[in-house]
Amino acid sequence: MHVSSARPATFQYDAFGPGQHLRVLHPENQNRNGVRKGVVSFAQRMADGGKNWKEWTVPLGGDAILHAEDILRRTGGEDIYVSQQAFGRWRGIADLTAIGSNYVDLDYHNRKRWQGRPAADVAAAVLYNLEEGGLPLPSYILSTGRGLVCVWLTELLPFAVLPRWNLVQKALAEVLTEFGADKRALDAARVFRLSGSTNSRAEWDRRQVGMVWCQGTPEAPSRHQFGTLADEVLPFPQAELVSLRAARATRKAEGLDSHVKPAQRLTQRSWWATAFEDLQRLRKHRSFETGALRPGQRDVWIFLAANALSWTDVPDVMGREITILAKQATNWTDAETDARLSAVIKRAKQAAAGLKMEFGGREVDSRYKFKASTIVEWLGIEPAEQRAAGLRALVDEDRRRELNTERTRESRHRRGAADRSTQRTARLELGQKCLYLAAKSGMNRAELAAHFNVSTGQISKAMTEAKASEE
């Protein structure tokens, strides 16, 4: 087997120590002068047979980088883990603040074909497999003692991208199944071993955790644009999904049956991810200092938040996630949380297993569905509060129209279109030139239109506005 451009080196990169690992996983925010709020989660498996698990958080930024380097010096670095994403206070999808990478954990020691093989050789095979499939190569690959972690770094992404991010995770893991891809380790709250630490379960000569390959340099591995990465990995690129939705709408209007499940699923999950973001914004807006909601609000809020989270494809960790939601908004005990939200958890697991329920004479997804208007009514979200809290999905019709107008305006700016004031200035300038040429050379409107390569209607409007401005 030969991988000419991507074959790993036969050594681990010293430049990719614990501090650098933190720098690339949790980069500065380019849009906010480098400042990022939130925490990085660290963990350590204790030396008692692996039953005890110690976990703690450190603020993002320089503190986390220094801590990563210091923890190895103080403890010897045995079985140290770090979160791949950033969180508000607790390591959980419910408290996720930014997504900055995709990843797959490869337990190749469980695969007979790869058992005992050097990590660099297995990494070379992984890269060959990806290249043959026309898939993007990871930013870097870590040897973790008995396996590999492949990481695709991206720009910092908001919570709303989670549904599509989950699809990319599953697709990458499916491609790398033969290398022991751990399909239970794909959620956004995952921790993996820290570069520079050691794996107490590995053979002595494989204990060190470190980089075996990178795209770019160890100091600055290449980053992918998530949209492009997703388009290359998923079976339906975003542009194709738009076309499929349009075709589906056309066929539906013509009375023809059409099933474009990937587009439908993605749209629904994306809406619920945005709704979850809105619920979090509303909680923080209503209780700015503590984040905890007062009695009378919290029961409905946490039920709706847990249900929204169930649509983001996290059934395996729902128990942990609703515990975090309860910490954010209530003073419930874990037992109270489990009891009050057991129906949401049950339905999430049923949906993950493909089980349907009958409603209105047809089979539907088992998870609860609510209209935005229903959630707005249940939580009593007034129009002024919708604006003040910056809500995008949980809004009334008037606010929805405002948001659509804003999106249209932003889209025009992104496409390079001038705003109305700029257009009016250009028309005035054109009109003044036309008035001058008409007076000096006697050019009529048809001649002026040909001269400036515009329509006669544009000439008429420009000249009318120019005359009015002079009066």
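Heavy-atom basis, side chains included; hydrogens, waters and symmetry copies ignored.
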Inset, instruction - Can you establish whether the number of heavy atoms outside Arg74 located under 6.0 Å from its atom CZ is more than 12? - result: yes
Legend entry - Pair listing, salt bridge (Lys or Arg N to Asp or Glu O under 4.0 Å) test, anchored in residues 383-393, at least two apart: Glu277-Arg392, Arg286-Glu385, Arg387-Glu402
Legend entry - side chain to side chain donor-acceptor pair (under 3.5 Å) contacts touching residues 83-97 (sequence neighbours left out): Glu55-Arg91, Asp95-Gln328
Legend entry - Which residues share a ring-ring contact (aromatic ring centres under 6.0 Å, His included) with Phe276, sequence neighbours left out: Phe159
Inset, instruction - Under the ring-ring contact (aromatic ring centres under 6.0 Å, His included) rule, collect the residues that match up with Tyr108, sequence neighbours excluded. - result: none
Inset, instruction - For this output row, return yes or no: ring centroids of Tyr103 and Trp165 closer than 6.0 angstrom. - result: yes
Inset, instruction - Verify the ring-centre separation between Phe370 and Trp378: is it less than 6.0 angstrom? - result: yes
Tabulate below the donor-acceptor pairs under 3.5 Å that side-chain atoms of residues 179-187 make, not counting sequence neighbours, or state none.
{"unit_1": "Asp182", "atom_1": "OD1", "unit_2": "Arg184", "atom_2": "N", "d": "3.0"}
{"unit_1": "Lys183", "atom_1": "NZ", "unit_2": "Glu174", "atom_2": "OE1", "d": "3.0"}
{"unit_1": "Lys183", "atom_1": "NZ", "unit_2": "Thr177", "atom_2": "OG1", "d": "3.1"}
{"unit_1": "Asp187", "atom_1": "OD1", "unit_2": "Ala189", "atom_2": "N", "d": "3.0"}
{"unit_1": "Asp187", "atom_1": "OD1", "unit_2": "Arg190", "atom_2": "N", "d": "3.4"}
{"unit_1": "Asp187", "atom_1": "OD2", "unit_2": "Arg190", "atom_2": "NE", "d": "3.3"}
{"unit_1": "Asp187", "atom_1": "OD2", "unit_2": "Arg190", "atom_2": "NH2", "d": "2.5"}

Does [X] reach the main-chain N or O of [Y] with its side chain, forming a donor-acceptor pair under 3.5 Å?
{"X": "Ser287", "Y": "Arg283", "answer": "no"}
{"X": "Arg146", "Y": "Ala202", "answer": "no"}
{"X": "Ser139", "Y": "Leu153", "answer": "yes"}

[X] to [Y] - nearest heavy-atom pair and separation:
{"X": "Val24", "Y": "Glu219", "answer": "CG1-O, 4.4 Å"}
{"X": "His21", "Y": "Ser195", "answer": "ND1-N, 3.0 Å"}
{"X": "Ile375", "Y": "Ile381", "answer": "O-CD1, 4.5 Å"}

Inset, instruction - Would you mind checking if Glu78 and Arg207 are paired as a salt bridge, meaning a charged N to carboxylate O distance below 4.0 Å? - result: yes
Legend entry - Between CG on residue Leu304 and OG1 on residue Thr374, distance to nearest 0.5 Å: 9.5 Å
Inset, instruction - Could you grab the distance from atom CD of Gln268 to atom CH2 of Trp311, nearest 0.5 Å is fine? - result: 4.0 Å
Taking only distance into account, with no hydrogens and no angle test, what donor-acceptor pairs under 3.5 Å do side-chain atoms of residues 349-365 form with protein atoms, sequence neighbours excluded?
{"unit_1": "Asp365", "atom_1": "OD1", "unit_2": "Arg367", "atom_2": "N", "d": "2.8"}
{"unit_1": "Asp365", "atom_1": "OD1", "unit_2": "Arg367", "atom_2": "NE", "d": "2.9"}
{"unit_1": "Asp365", "atom_1": "OD2", "unit_2": "Arg367", "atom_2": "NH2", "d": "2.8"}

